[in-house]
Every structure is written in structure tokens, then in C-alpha cells.
Amino acid sequence: MVKKVLVILGSPRKKGNSTILAEQITKGAKSGKAKVETIYLHGKNIAPCKACMGCQKKGSRGCSIPDDMQEIYLKLIESDAWVIASPVYWFTMSAQTKIFMDRCFALPAYRKDPFRGKRIGIAMTYGDDDPFTSGCVNALRAFQDAYGYTESPIAGMVYGSAMDAGQIRSNEQVMQEAFNLGKKLVAE
Ligand SMILES: Cc1cc2nc3c(=O)[nH]c(=O)nc-3n(C[C@H](O)[C@H](O)[C@H](O)COP(=O)(O)O)c2cc1C
């Protein structure tokens with residue numbers, strides 16, 4: 001069966017470095033015959049979680065906030081694999097990415113066990129030259145904890161140093177790793 005991959009872009013830069021890594025992952029996934037859809041979070045109307053806890057109530061029909069996250073919930077549920085691509089902002093993931101992650105709290109109100117078994121790919125870029133001092137490792141750890149908790153296996157995490165938009169292309173190794181991650185995400 002054709003695998004479906006949903007790519008979530010957390011950078012405001014449409015041609016930024018984390019997006020370029022996500023494109024490589026997409027190419028890898030498509031080479032494995034997957035169907036890929038990409039969502040650019042920036043500019044969408046996605047409010048932060050307001051902790052009303054409505055989504056946690058028995059019989060809840062979902063998140064009470066009527067914004068663009070509603071259609072993303074459905075796409076998340078329909079996909080076999082998710083790719084989260086984010087720049088490092090202030091030693092962790094971007095705000096756009098974090099708001100998206102928080103709002104996923106409501107996903108179990110749409111479908112039982114929505115996370116279990118989803119395959120996850122992570123792509124991150126940072127301006128510092130070290131993944132630890134940049135804060136990239138903080139974000140990677142947050143993803144590991146989140147998707148460990150939800151029992152969603154992380155197929156791989158690709159990350160590299162690049163400050164200016166597009167600079168990541170000169171890192172041939174990480175570009176290849178990203179392509180390979182895409183293939184792995186949709187492999188049997
Ligand atoms: C608001 C802001 C905060 C940033 N914070 C960090 C940081 O804490 N550590 C770091 O290494 N780079 C930081 N950077 C640099 C970006 O992570 C880097 O340029 C990255 O490649 C951007 O990815 P993008 O092109 O996908 O947006 C920051 C950039 C901006 C605009």
C-alpha cells in the first residue's frame with residue numbers, strides 16, 4: 001500500500017535550511033513511492049493551547065479552538081509518517097513548531113491511539129557550529145521524549161549547522177542523510 005507522509009514545516013523561511021532538509025526527506029520518501037503532503041505552519045491561523053482541557057474530557061469531539069489546526073488533525077491521523085522540520089530558535093524548536101506540538105495534545109479526541117506506530121522523522125538546522133551549544137540537542141531530546149511517550153517510533157533525526165537560508169545545501173553529508181531518512185521512513 002502507498003504510504004502517506006505529512007511534512008510539517010516549522011520555519012518562517014519558505015526557502016530556509018530546515019525546509020531544504022525536509023525537501024530532501026520528501027525526495028527520499030517519494031523515491032520509495034510514498035505520497036507526501038507538506039504543511040507550512042507559519043502564516044496559518046494556529047493559536048496556542050489554552051489548557052481548557054476540553055479535549056481530555058470523556059466523549060470529547062476534539063479541540064475547542066476553531067482554527068487551521070482542525071484540518072491538520074485530520075491529516076495527521078490519515079498519515080503513516082510525520083516529518084517535523086524546525087530551525088533552532090533560542091536553544092530549542094521554533095515557536096511555530098512548539099505551538100503545533102502542544103496542540104497535538106488534542107489528537108486522541110479525534111481517533112483512538114492516534115500516535116501509536118506513526119513513524120517520525122526530524123530535521124533541524126542551527127546557526128552555531130555545535131549541536132549541543134546551539135540548543136539543537138535540547139529540541140531533539142524534547143522530540144525523543146514526546147514521541148517516546150506517544151509510542152511513535154523515530155526513524156531518524158537529521159541536523160546540521162547553517163546560518164543563512166540555503167547554506168545547508170553545501171553540507172552534502174546531511175543532505176544525503178536526509179534523503180536516506182525519507183527512504184527509511186516509508187520502507188517496510
Ligand atoms: C529568532 C532566531 C533565534 C535563533 N536562535 C538560535 C539559537 O538559539 N541557536 C542557534 O544555533 N541558532 C539560532 N538561530 C539561527 C537559526 O537556527 C539558523 O539560521 C537556522 O539554519 C535557520 O533555519 P531555517 O532557515 O530553516 O529557518 C536563530 C535564528 C533566529 C531568527
Side-chain angles (χ1 to χ4, degrees), residues 4-31 34 36-49 67-69 71-72 75-76 79 81-104 118-148 152 154-186:
K4 286 190 191 166
V5 180
L6 188 66
V7 178
I8 304 289
L9 301 177
S11 172
R13 284 167 159 179
K14 273 207 157 133
K15 295 187 174 163
N17 298 308
S18 54
T19 298
I20 290 168
L21 291 185
E23 284 166 1
Q24 284 293 102
I25 296 174
T26 298
K27 282 185 196 158
K30 284 189 172 168
S31 78
V36 184
E37 182 171 353
T38 301
I39 292 178
Y40 173 60
L41 293 176
H42 187 71
K44 285 214 178 282
N45 175 27
I46 303 178
C49 172
D67 64 7
D68 291 345
M69 198 61 201
E71 65 167 327
I72 299 179
K75 292 180 191 291
L76 285 165
S79 325
W82 304 339
V83 174
I84 316 288
S86 174
V88 174
Y89 275 8
W90 276 90
F91 310 98
T92 186
M93 66 191 77
S94 69
Q96 291 88 339
T97 311
K98 183 60 166 64
I99 288 174
F100 160 81
M101 293 295 286
D102 288 353
R103 291 288 300 280
C104 285
K118 297 283 182 197
R119 302 181 92 174
I120 309 291
I122 305 291
M124 295 205 70
T125 58
Y126 43 90
D128 195 343
D129 53 15
D130 180 276
F132 284 89
T133 54
S134 66
C136 183
V137 169
N138 281 339
L140 297 178
R141 287 285 303 116
F143 289 122
Q144 283 179 327
D145 285 347
Y147 292 118
S152 318
I154 297 182
M157 304 195 292
V158 293
Y159 49 92
S161 169
M163 184 57 95
D164 300 333
Q167 214 184 339
I168 198 72
R169 286 188 198 284
S170 60
N171 184 338
E172 285 175 22
Q173 190 184 323
V174 78
M175 293 288 282
Q176 185 62 47
E177 284 171 8
F179 182 85
N180 294 345
L181 173 55
K183 285 213 303 201
K184 188 176 169 195
L185 260 185
V186 298

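Indexing begins at 1, ligand by ligand and atom by atom, following the structure's order. What's counted below: heavy atoms across the whole structure, side chains too, no hydrogens, waters or symmetry copies.
- Ligand 1 has an N or O atom lying under 3.5 Å from an N or O atom of F91, backbone or side chain.
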task = Check the pair R103 / D67 against side-chain contact (heavy atoms from CB on, under 4.5 Å), numbers first and verdict last.
result = CA-CA 11 Å; R103 291 288 300 280; D67 64 7; 2.8 Å; yes
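- Close contacts of ligand 1 with G127, meaning ligand atoms under 4.0 Å from a residue heavy atom, involve 10 (C), 11 (O), 12 (N), 15 (C), 16 (C), 17 (O), 18 (C).
- For ligand 1, the atoms lying closer than 4.0 Å to a non-hydrogen atom of N17 are 21 (O), 24 (P), 25 (O), 26 (O).
- Distance check, rounded to the nearest 0.5 Å: CD of E71 to CD1 of I39 gives 6.5 Å.
- The distance criterion of under 3.5 Å between nitrogen or oxygen atoms is met by R13 with respect to ligand 1.
- With sequence neighbours excluded, the residues forming a side-chain contact (heavy atoms from CB on, under 4.5 Å) with V174 are L21, V158, I168, N171, E177, listed by chain and number.
- Using a non-hydrogen distance threshold of 4.0 Å, A165 does not register as a contact of ligand 1.
- Of the candidates S134, G135, S86, it is S134 that places a heavy atom closest to atom 7 (C) of ligand 1.
- Protein heavy atom at the shortest distance from atom 31 (C) of ligand 1 is Y89 CE1, 3.6 Å.
- The contact set between ligand 1 and S11, taken as ligand atoms under 4.0 Å from a residue heavy atom, comprises 24 (P), 26 (O), 27 (O).
- Within 6.0 Å of the OH atom in Y159, the count of heavy atoms belonging to other residues, nucleotides or ligands does not exceed 12.
- Considering backbone and side-chain atoms together, S18 places an N or O closer than 3.5 Å to an N or O of ligand 1.
- Near T125, with a cut-off below 4.0 Å to any heavy atom, the atoms of ligand 1 are 17 (O), 20 (C), 21 (O), 22 (C), 23 (O), 26 (O).
- Close contacts of ligand 1 with W90, meaning ligand atoms under 4.0 Å from a residue heavy atom, involve 3 (C), 4 (C), 5 (N), 6 (C), 7 (C), 8 (O).
- Heavy-atom proximity to D128, at under 4.0 Å, picks out these atoms of ligand 1: 10 (C), 11 (O).
- You'll find the side chain of Q167 reaches within 4.5 Å of the side chain of N17, heavy atoms only.
- Taking only nitrogen or oxygen atoms, main chain and side chain alike, A162 reaches within less than 3.5 Å of ligand 1.
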request  = Go through I46 and I72 one step at a time and tell me if the side-chain contact (heavy atoms from CB on, under 4.5 Å) criterion holds.
outcome  = CA-CA 10 Å; I46 303 178; I72 299 179; 3.8 Å; yes
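- Residue-to-ligand polar distances place V88 within reach of ligand 1: an N/O pair is separated by less than 3.5 Å.
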query = When you look at I8 and L41, which way does the side-chain contact (heavy atoms from CB on, under 4.5 Å) test go after all the steps?
reply = CA-CA 7 Å; I8 304 289; L41 293 176; 3.6 Å; yes
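- Distance CD/Q96 to NE2/H42: 6.0 Å, rounded to 0.5 Å.
- Relative ring orientation between F143 and Y147 is described as parallel, the plane-to-plane angle staying below 30° on a 0-90° scale split at 30° and 60°.
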